[in-house]
Amino acid sequence: MKKIVLPDRGAEVLFDVNDQNVRYLESLFDVQISARGDNLFIEGETHDVEALSKILTDFSALVDRGEKFRNGDLRTAFKQIAEDSALSLHDFFPKIQILGAGARQVSPKSPHQRKYMEAIQNHDIVFAIGPAGTGKTYLAVAMAVFYLITRKVERIVLTRPAVEAGERLGFLPGDMLEKVNPYLRPLYDALYHMLDPEKVSKFMERQVIEIAPLAFMRGRTLGDAFIILDEAQNTSPEQMKMFLTRIGFNSKAVITGDITQVDLPPGKRSGLIDAIRVLKDIPGLSFCYFDERDVVRHELVQLIIKAYEKDSPSGLESSAPLEAKRDNRYPKPTDPS
């Protein structure tokens with residue numbers, strides 16, 4: 001039996017509603033946990049008890065630091081640490097945090113997200129590649145807002161290709177901006193989640209924040225800006241080259257995409273897949289990769305992503321370019337730092 005002494009409020013936070021965090025730890029490590037006040041007693045196999053003791057020691061340090069845990073955060077971290085003993089709670093709740101002006105505090109929820117945010121801080125061009133729900137766009141927008149509010153850049157430019165996702169919408173009424181707005185809605189959603197709507201409107205009126213389809217980027221030079229290209233898997237190689245050559249001095253660019261959800265016509269190459277191959281050896285660029293463990297949506301989303309990956313021998317859906325499936329040219333995930 002091993003005894004762990006929790007700090008003030010530690011037991012309250014750890015046990016949560018209906019002791020669900022503790023019961024989850026028992027299922028992951030095949031141990032029995034009992035409590036007397038702030039003292040926890042762990043019974044089980046030695047290696048399981050020691051692994052759990054390390055987690056609870058880190059948990060105590062985070063509580064002492066004043067860390068706030070949202071619903072499900074701890075269980076997500078517990079599961080990944082149980083699967084990979086090289087991880088620790090400090091990987092999931094690092095000190096790096098972003099304060100959006102008048103909005104919410106943002107912090108990474110997985111080791112890959114932490115490395116992604118560090119890569120944005122340390123590199124001028126960052127590629128974020130992975131499935132939906134892993135925080136690629138959300139964290140990029142959070143970093144963009146942080147850089148704007150702290151006056152590290154003068155404006156934010158958000159863009160994405162106007163490509164329909166597997167269905168034809170036909171004629172859309174309105175002027176050009178009204179026609180492309182449906183394609184840009186996810187960028188608006190992330191922005192409104194980060195900033196007060198009135199502040200967003202004010203920034204957009206003054207062109208401090210600009211949201212535009214990728215086609216509007218041609219011929220421009222974007223200096224003193226934080227630029228985000230979303231849904232980059234739906235660019236052509238020519239569009240990707242055009243976008244990357246728009247970047248001016250004192251600018252950062254983040255390119256996000258999911259190479260398993262390419263909506264381009266059959267036989268047309270994805271600019272994101274092409275960029276991974278062409279640019280992988282250029283110093284100063286960073287490639288960050290995510291998987292289902294980084295999903296911060298409903299827990300079922302992780303299982304759905306894993307099921308589709310298992311069903312596809314190449315790990316890619318049928319919409320991905322045939323040549324990419326055949327020779328499997330994607331680089332393996334690497335540490336962006």
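Excluded from the calculations below are hydrogen atoms, water molecules and symmetry mates; all remaining heavy atoms, backbone and side chain alike, are included.
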Original post:
Under 6.0 Å from the six-membered ring centre of Phe226 and within 45° of its axis: does the NZ or CZ of Lys252 meet both?
Top reply: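 No - Lys252 does not lie over the ring of Phe226 by the 6.0 Å and 45° rule.
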
**OP:** Supply the members, apart from Met1, of the Ile/Leu/Val/Met/Phe/Trp/Tyr cluster built from side-chain contacts under 4.5 Å; use none for a lone residue.
**Re:**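 Taking Ile, Leu, Val, Met, Phe, Trp and Tyr as members, Met1 shares its hydrophobic cluster with Phe41.
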
**OP:** Mind checking the CD-CG spacing from Glu231 to Leu272? Nearest 0.5 Å is all I need.
**Re:** 10.5 Å

Subject >> Thr256 OG1 to Lys136 NZ distance, which is reported to the nearest 0.5 Å >> reply: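 Atom-to-atom, Thr256:OG1 and Lys136:NZ are 6.0 Å apart.
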
Over all atoms of both residues, closest heavy-atom pair of [X] and [Y]:
X: Ile247; Y: Ile227; result: CG1-CD1, 4.2 Å
X: Ala35; Y: Phe15; result: CB-CZ, 3.5 Å
X: Met240; Y: Ala275; result: CG-CB, 4.0 Å
X: Pro7; Y: Asp64; result: CB-OD1, 3.2 Å
X: Ile42; Y: Ser53; result: CD1-OG, 4.1 Å

Original post:
When the ring centroid of Phe78 is compared with that of Phe29, is the distance short of 6.0 Å?
Top reply: no

**OP:** Compute the ring centroids of Tyr289 and His112, then answer whether they are less than 6.0 Å apart.
**Re:**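 Here the rings of His112 and Tyr289 have centres that are no less than 6.0 Å from each other.
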
Original post:
Does the side chain to side chain contact (heavy atoms under 4.5 Å, CB included) test come out yes or no for Asp124 and Ser251, once each step is laid out?
Top reply: CA-CA 7 Å; Asp124 289 338; Ser251 287; over 6 Å; no

Anything under 3.5 Å between a donor and an acceptor, one on a side chain of residues 43-51, the other on a protein residue two or more places apart or in another chain? List them.
none

Subject >> Verdict with reasoning, Arg23 to Glu26, per salt bridge (charged side-chain N to carboxylate O under 4.0 Å, His left out) >> reply: CA-CA 5 Å; Arg23 299 289 84 84; Glu26 288 180 328; 2.8 Å; yes

Subject >> Of all pairs that satisfy side-chain hydrogen bond (donor to acceptor under 3.5 Å, both in side chains), the ones with a partner from residues 207-223, not counting sequence neighbours >> reply: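 side-chain hydrogen bond (donor to acceptor under 3.5 Å, both in side chains) check on residues 207-223 returns Glu210-Arg220.
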
Subject >> N-O pairing of Asp224 and Arg155 below 4.0 Å >> reply: no

Original post:
Is Glu198 paired with Lys202 through a side-chain N to carboxylate O contact shorter than 4.0 Å?
Top reply: no

Subject >> Parallel, tilted or perpendicular, as decided by the 30° and 60° cut-offs, for the rings of Phe127 and Phe287 >> reply: parallel

